[in-house]
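Proteins get letters first, then strands, A, B, ... in listed order; numbering begins at 1 in each. Please read all numbers here as calculations on a predicted model, not as lab measurements.
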Protein chains: 2
Amino acid sequence: MNITIKDIARVTNVSPATVSRVLNNVGGYNEATRKKVLQAAAELGYRRNESARSLVKNSSNLIGVIMPQVSTLFYGDIMTGIERAAHQSGYSIIISHSGNVGDKIPECIKLMAERKVDGLIIATVEINDEHLAMVQELRIPYLLLATRMPDRNVPYLKVNDFDAAYTATHHLIENGHEKIGLVGLSLTDRVAGTTRFEGYKRALEDNGLKFDPHLVKEGDYGFYSGQRAMQSYLQEKTELTAVFCVSDDVALGVISVAADHGIQIPDDLSVVGYDNTIIAEMSIPPLTSIDQPFMEMGEEGCSMVIDAIRHKQKIYSKIMPYTLVERRSVKQITHKIF
Amino acid sequence: MNITIKDIARVTNVSPATVSRVLNNVGGYNEATRKKVLQAAAELGYRRNESARSLVKNSSNLIGVIMPQVSTLFYGDIMTGIERAAHQSGYSIIISHSGNVGDKIPECIKLMAERKVDGLIIATVEINDEHLAMVQELRIPYLLLATRMPDRNVPYLKVNDFDAAYTATHHLIENGHEKIGLVGLSLTDRVAGTTRFEGYKRALEDNGLKFDPHLVKEGDYGFYSGQRAMQSYLQEKTELTAVFCVSDDVALGVISVAADHGIQIPDDLSVVGYDNTIIAEMSIPPLTSIDQPFMEMGEEGCSMVIDAIRHKQKIYSKIMPYTLVERRSVKQITHKIF
DNA sequence: CTGAAAGCGCTTACAG
DNA sequence: CTGAAAGCGCTTACAG
């Protein structure tokens, strides 16, 4: 049998109400009772029953996290950040995977509803209007993390993909590159795909370079996508001196087939990645990459929803700062015009 | 206000008891009532309150997962496996991070106790006797995943580290190597550290090679650990033709400094990794590595505890199969004796 | 400062 | 097949 508040009450000769009060630190008892209750609780090995507590408080001290189960490098970082912030504030986190294509999102939301989570973080997956409606029905604070809903006023926390892509491309241009490829563009991904594409194009235009569709390779964010793109460049004998990759994984993909073909990075080809996961550092040569602060995003995002829960206030979207971290995969080349 | 079972009862003119029965599919009602209850539930948008349910059933449908927050590559894989199995059986998972050094383990266990989790998975961290006592006090099924307690009869699910290290080393020997380094040995890690060390040594001995302590570099499982080891080999001008690394990360570390020094992999140095995470494939050249099936381990492990919960039976330890996946980081060299 | 009582939303013997 | 009732372990007005 489990030890309950009543057991403590019996042992200490006070009412369960008082036990509850001291255990919850709400005041309304003198020091003597406080001491004996706490001592009895410790001696009996009391563990409070969160279910009972949740039931009466109509809240669970739970933050729900919905994430896709793709094994991306940053999954752990985001989770770590979220868990840290939650733990600090006395919340626990419960997670549910949305499937690779987000097909299980409704199920996830239902689950979160049953668990009466106090707040919800939807990370990394794109949701649609139907999902949004379900989430809103929950009437709890929620936040899109490292994702967003275009054209909808839904709170999110993420890096500005347009700017970051612009910066990455601009960095290449600054270093004298004029034929710059874009690798891994997902046209169906309106959050990170097309936005980065726009940033890339704009950087080109702003610097008087012509956008050439032959230089962009569609794909996804994976390693193989990068490999396929590089193979395709090779086969088509595309002339380029640099590529901007939509993720570190695809960057490593292009580097790997480049290596197989004796193409030197950065001497023959400069490459910049995106995410700045650990593999950017592991790359040979180490990869220049756009840093997304995933751990901080998890932490900050979770704090935002907790604040909203506690102060019953609205969550405002926030842009996280990105940085370009330079390593050794970009070469400065001389301008042809000189 | 939330819709409850009573609301459905009122609308359908049956008792809450009956509503509960049809919602839980326990039988004891005719088709007509079943239909109207289900319909009313759907119409009202009923969501059951798991807290209330947990309270009366004295169980939560929750599997607790305790993991360190190191951002290892396989974190996501393990979690994915666990979540998949849990979800399939109607369980949710709640996670708590144990800190890098496991210092927060007691706190994690306390939390799991309060949540009344039905089962517990402790992944990847080493626990001590004190922790074990706390866990056992919970009186719920639990399992150590990808870790174990030496000298204690505690159920675990993992790969046989000794055998795997033996296999890795033996693979190198088969390919004609005689001076084989061991990189990343953690002498304090009695689970994976010393065990892999033993496997390495035994493989040497069984093949008539002398164990040379100068060939082993202590460290941890990280990238930098591999870098430091390689630098140290270089500085000491250690003669060796191959290294067995305790993780892919350390393997990439040695490869990266090797590259900086113009040392060709595998021509000048063969290397085999451990874990077979995605980076093994991303490595240049692609890394031969011991595969640990993390996703399957998560899935299988979670299934084991769920089975134990359902059938109230003991959990028996299980060994997962590992495999050596050969890629291009090992070179066959001619035996000197010929 | 403290207690009696009601109630959170559900499940489950028990009785019919 | 169905309902009335008790109870899971807690919190929180209310009253003193």
- Note on the structure: B:Asn58 atom CG is separated from D:dC10 atom C1', nearest whole Å, by 14 Å
- Can you tell me how far the CZ atom of B:Arg84 sits from the CD1 atom of B:Ile93, to the nearest 0.5 Å? 13.0 Å
- Note on the structure: OG1 of B:Thr277 to CZ of B:Phe294, rounded to nearest 0.5 Å, is 7.5 Å
- Do NZ/NE/NH1/NH2 and the carboxylate oxygens of B:Arg190 and B:Glu126 come within less than 4.0 Å? no
- In whole angstroms, how far is the P atom of D:dG9 from the CD atom of A:Glu50? 15 Å
- Message: In this structure, how many angstroms lie between the P atom of C:dG9 and the CD atom of A:Glu114, rounded?
- Response: 15 Å
- Under the 3.5 angstrom rule, does the side chain of A:Ser89 hit a backbone N or O of A:Tyr91 as a donor-acceptor pair? no
- Item | N/O (side chain, A:Thr18) to phosphate O (OP1/OP2, C:dG3) under 4.0 Å | yes
- NA contact type, A:Val14, heavy-atom cut-off 4.0 Å: base, sugar-phosphate, or nothing? sugar-phosphate
- Answer yes or no: does a side-chain N or O of A:Ser20 lie under 4.0 Å from OP1 or OP2 of D:dC10? no
- Query: What nucleic acid atoms does B:Ser54 come within less than 4.0 Å of, heavy atoms only: base, sugar-phosphate, or nothing?
  - Reply: nothing
- Query: Where the side chain of A:Ala17 is defined as all heavy atoms beyond and including C-beta, which of C:dA5, C:dT2, D:dC10 is the nearest nucleotide?
  - Reply: C:dA5
- Query: Separation of B:Asn49 atom CG from C:dT11 atom P, in whole Å?
  - Reply: 10 Å
- Item | Note: A:Arg34-A:Glu31 ion pair, threshold 4.0 Å (strictly below) | yes
- Item | Any A:Ser51 side-chain N or O less than 4.0 Å from OP1/OP2 of D:dC8 | no
- Query: Counting any heavy atom closer than 4.0 Å, what does B:Asn13 reach on the DNA or RNA strands: base, sugar-phosphate only, or nothing?
  - Reply: sugar-phosphate
- Query: Atom CZ of A:Arg53 and atom P of D:dC8: how far apart are they, to the nearest Å?
  - Reply: 20 Å
- Gap between atoms CG and P, on A:Asn61 and C:dC8 respectively (whole Å): 21 Å
- Message: Return the pairing partner of D:dG16 with a 3.5 Å limit on both distances, Watson-Crick or G-U wobble; otherwise return none.
- Response: C:dC1
- Query: So, is B:Ser15 near the phosphate of D:dG3, with a side-chain N or O under 4.0 Å from OP1 or OP2?
  - Reply: yes
- Counting just side-chain N and O atoms, does B:Asn30 come under 4.0 Å of either OP1 or OP2 of D:dT2? yes
- Which part of the nucleic acid, if any, lies within reach of A:Arg21 when heavy atoms closer than 4.0 Å are counted: base, sugar-phosphate only, or nothing? base
- Item | Distance in angstrom units between B:Leu55 CG and D:dA6 P, rounded | 18 Å
- Query: Distance check: side-chain N/O of A:Lys116 vs OP1/OP2 of C:dG9, anything under 4.0 Å?
  - Reply: no
- Message: Looking at D:dT11, I'd like to know if its phosphate oxygens (OP1 or OP2) sit under 4.0 Å from a side-chain N or O belonging to A:Asn24.
- Response: yes
- Checking C:dC8, D:dC10, D:dT2 against the side chain of B:Thr33 (C-beta onward), the nearest is D:dT2
- Task: Could you check A:Arg34 against A:Val56 and say which one's nearest nucleotide on DNA chain C is further toward the 5' end?
- Result: A:Arg34
- Task: Please report, rounded to the nearest Å, how far the P atom of D:dC8 is from the NZ atom of A:Lys57.
- Result: 22 Å
- Message: Assess whether a salt bridge exists between A:Glu50 and A:Arg48, defined as any Lys/Arg side-chain N lying under 4.0 Å from an Asp/Glu carboxylate O.
- Response: yes
